[in-house]
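Everything on this sheet refers to the single structure shown next.
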Amino acid sequence: MKKIVLLISGRGSNMQAIVESAIAEQWPAQIAAVISNRTDAGGLDYAVSRGIPTAVVVSKEFTTREEFDAALLAKIDEFEPDLVLLAGFMRILTADFVKHYEGRMLNIHPSLLPSFVGLATHQQALDAGVKIHGATVHFVTPELDHGPIVAQAAVQVLPDDSEQSLAARVLAQEHIIYPWSVRQFVEGKIQLVDNRVRIAE
Ligand code: GRF
């Protein structure tokens, strides 16, 4: 049984997709905890309703990034996770924190990396005029929105797309590729070779 800790900041729809897939597909995994940096993260209610332990480490109560990350790390490690998942966790993490979870922390980013790192990725895609946009699941490395790619999904950008309509189409794909990626991890099918991900058959 692999233990998973999920980190969220908001509505937690990716977290929900992962929890539901884990249950429906009977993954060899246990959702050990959902941890938020905000007390008002909507996803916490869902986790409670599923009987998943929750915790909040309030980021705005800390004066430095280092102090917050140290407190968050201590809280996460109480649950002894094999895998830490960033699921709409809106924080830039220190290199020490990231290194502590090297090879066992994944993130979902709403663009086809390496295009459009950072925030407002859907607007960035519209501004650039790309015809294909999407989402990426990747291992977390100290450089923001970089790291070995586990899975990507593409959607077409339509001529009359708004930021919202594009985001909704991408989100539907996120809810497919993130659970899929996590399942590969907990089933031991992910290998990192030369900083690239190989999925075993
Ligand atoms: C998703 O689009 C994810 O890719 C990004 O933040 C959003 C979080 O949505 N990192 P949710 O909280 O999972 O619903």
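Atoms within each ligand, like the ligands themselves, are counted from 1 in listed order.
- At least one N or O atom of Asn14 sits closer than 3.5 Å to an N or O atom of ligand 1.
- Polar contact check, Gly12 against ligand 1: a nitrogen or oxygen pair lies under 3.5 Å apart.
- Ring geometry for Phe68 versus Phe89: interplanar angle under 30°, hence parallel rather than tilted (30 to 60°).
- Across the listed options Arg11, His109, Glu174, Glu174 owns the non-hydrogen atom lying nearest to atom 4 (O) of ligand 1.
- At the top of the distance list for atom 10 (N) of ligand 1, counting protein heavy atoms only, stands Ile108 O, 3.3 Å.
- Panel note: side chain Ser21, backbone Ile18; no donor-acceptor pair is recorded below 3.5 Å.
- Under the side-chain contact (heavy atoms from CB on, under 4.5 Å) test applied with Asp82, the options Arg104, Met1, Lys3 reduce to a single match, Lys3.
- You'll find the side chain of Val155 reaches within 4.5 Å of the side chain of Arg169, heavy atoms only.
- Looking at atom 5 (C) of ligand 1, its nearest protein heavy atom turns out to be Pro110 CD, 3.9 Å.
- Taking every heavy atom of Gly88 and a limit of under 4.0 angstrom, the matching atoms of ligand 1 come to 6 (O), 8 (C), 10 (N).
- Here Lys75 pairs with Glu78 in a salt bridge; the nearest charged N to carboxylate O distance falls below 4.0 Å.
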